[in-house]
2 protein chains.
Amino acid sequence: MISSLAAGNLTFNPLYKEVKIRITRGLAAGAWKPGAAIPSESRLAQQFNVSIGTIRKAIDELVGEKILLRQQGRGTFVATHTEDRTLFFFFHIVGKDGGKELPVTEMLSFRRSKAEGEDAARLKIPHGSRTLRIHNILKLGGKPVIFDEIVVPTALFPDLDEDTFVKREGTIYGLYQARYGINVIRISERLSAANPPQQITALLGSRQRTPALVIKRVAYTYNDTPVEYRVSWVNTEAHEYLSDLWKNEAR
Amino acid sequence: MISSLAAGNLTFNPLYKEVKIRITRGLAAGAWKPGAAIPSESRLAQQFNVSIGTIRKAIDELVGEKILLRQQGRGTFVATHTEDRTLFFFFHIVGKDGGKELPVTEMLSFRRSKAEGEDAARLKIPHGSRTLRIHNILKLGGKPVIFDEIVVPTALFPDLDEDTFVKREGTIYGLYQARYGINVIRISERLSAANPPQQITALLGSRQRTPALVIKRVAYTYNDTPVEYRVSWVNTEAHEYLSDLWKNEAR
DNA sequence: TTCGATTTGTTCGTATGTATT
DNA sequence: TAATACATACGAACAAATCGA
């Protein structure tokens, strides 16, 4: 249960920061599931024993970080990976002609493995610990454009098997969220150019000696906990990576 | 002079949006120069004839977009391109070892030219209109890492010549800002992988057949007006492009 | 060094508007 | 229609940082 705040705030944080931390903690603990509404602002104000303006300021920041989503007249909801808006927050490959489109994923392989050099470091797990290693082809407009290797700690997804993965509805992050309560809220990507290995060139259907874009992504959930490490090889003959800084429409 | 607002708001915008628009207009018109303070919140509240809370909400958004910068006890300032914080907002190449460093720019050529295909489209200027075309090498740790071609409309920088460009202090965007009052506030980048032409490979000191990261950037000032089109070739043997979405520290 | 004026930061409270159910 | 929830706007009080007298 959430206790009053205004009374004994032992940290030196402003009240609204404290409220934000407590709400985030509730999210991390799964108190409110993705897609569900959190308590109304007035109710939170009561529970925390602070003014409604303070609650609004805390929620404002979480909305800015796309962790929560407000809807006037309805409530405030935990962001999900099923809304187009948030989907393109995590997927940045677009057609060179400007077309935005979501990819269709086809799994190539699914196996148990151990964390090697980069995996372990990026996922902040011990070297050699158990992981799942999944290979996918992502198609855009029916054509293969991206080859993915996904590495996740088995500990986070205990009973995830090939069947569950393939038969999921929606995106991979949607699966993490709906089935395991793990909500990816931030990613960090590092891009470089490289000549892909033979097999990948073949899979992407690109010409020999066509360089590819390599994206090394770490996905994080609350409190900067790494969830997934993913290496993508992108055929950039007809597509490119879009980084728009900072088209912040509304806010 | 800024007139009262609360009275005759003919648009259907909320007041604070209207305030934001007017402040942005003032910035675009050069009413307050980069680095200078805008009027205090209480003074703005008087001028616009709205409450201080409404002013704060308008400024909040501009601060979120890194257009303004608040400092408790001092005032609110127009963001400049001389602060480390904003510099890395526009420069994304980091060492693979994780080292962040700002590049040293060396000009290779500076000439007058005309807008060709992509230039014209991206800069939203007529095909064939006059431009400046500048080539640079950017060094990190003393070694060449990036080759740049910069295209800007001559109309925006009427008297910009080679000497002014080379002898500037600080960054290129700092020059646009300090000398021409043009404040780059947003960039959009499209990345792909490609084999660079011979000369660029040589300039970057990379091995034959080493692919490079190609970054096509459009820089915008207020009201989404394009200012500069820049194509960069990056040697990603020891460096990579960092896209962190979204490490929003404080907010 | 101290003090006071100025400016932003935080918190509270209230009233009213608008969207949803 | 009524109740609920978020959105906008106002105002007040005090805290904290800055700066110059």
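Side-chain atoms are counted along with the backbone in the values below, which use heavy atoms only and exclude waters and symmetry mates. The sequence lines fix the lettering, A, B, ..., with proteins before strands; numbering per chain opens at 1.
- Regarding contacts with the backbone of D:dA9, every side-chain N or O of B:Lys57 stays at 4.0 angstrom or more from both OP1 and OP2.
- Put simply, CG on B:Asp60 is 15 Å from C1' on D:dA7, counting in whole angstrom units.
- With a 4.5 Å cut-off on side-chain heavy atoms, A:Tyr241 and B:Arg190 do not count as touching.
- A:Gln71 places its CD atom 10 Å from the P atom of D:dA7, with the value rounded to the nearest Å.
- Side-chain proximity of A:Thr76 to the nucleotides C:dT11, D:dA9, D:dC6 is greatest for D:dC6.
- Of all the heavy atoms in A:Val63 and A:Leu69, the pair that sits closest is CG2-N, 4.4 Å.
- Taking atom CD1 on A:Ile52 and atom P on C:dT10, their separation rounds to 19 Å, with Å as the unit.
- For the pair A:Arg179 and A:Tyr176, the cation-pi criterion (under 6.0 Å, within 45° of the ring axis) is not fulfilled.
- For A:Gln72, counting side-chain heavy atoms from C-beta on, the closest listed nucleotide (D:dC10, C:dG17, C:dT8) is C:dG17.
- For C:dT7, one of the phosphate oxygens OP1 or OP2 lies less than 4.0 angstrom from a side-chain nitrogen or oxygen of B:Arg43.
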Verdict with reasoning, A:Ser188 to B:Asp244, per side chain to side chain donor-acceptor pair (under 3.5 Å): CA-CA 4 Å; A:Ser188 174; B:Asp244 223 337; 3.3 Å; yes
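- Under the Watson-Crick or G-U wobble criterion, with both distances below 3.5 Å, C:dT1 has no partner in any strand shown.
- Minimum atom distance to the side chain of A:Tyr16 is reached by C:dT11, of the listed C:dT11, C:dT8, D:dT8.
- In this structure, A:Arg74 contributes its side chain and A:Gln71 its backbone to no donor-acceptor pair below 3.5 Å.
- At D:dT4, none of the side-chain N or O atoms of A:Arg74 fall inside 4.0 Å of OP1 or OP2 (strictly under the cut-off).
- Between C:dT8, C:dT10, D:dC10, one nucleotide has an atom nearer to the side chain of B:Ser51 than all others, and that is D:dC10.
- Straight-line distance from the NZ atom of A:Lys20 to the C1' atom of C:dT10: 16 Å, rounded to whole Å.
- Taking only side-chain atoms of B:Arg56, from C-beta outward, the nucleotide of D:dC10, C:dC12, C:dT8 with the closest atom is C:dT8.
- One can place CG of A:Leu15 at 8 Å from C1' of C:dT10, the figure rounded to the nearest angstrom.
- In this structure, A:Thr54 reaches the C:dC12 phosphate: one of its side-chain N or O atoms is under 4.0 Å from OP1 or OP2.
- Within the nucleic acid shown, A:Gly53 has no heavy atom closer than 4.0 Å to any nucleic acid atom.
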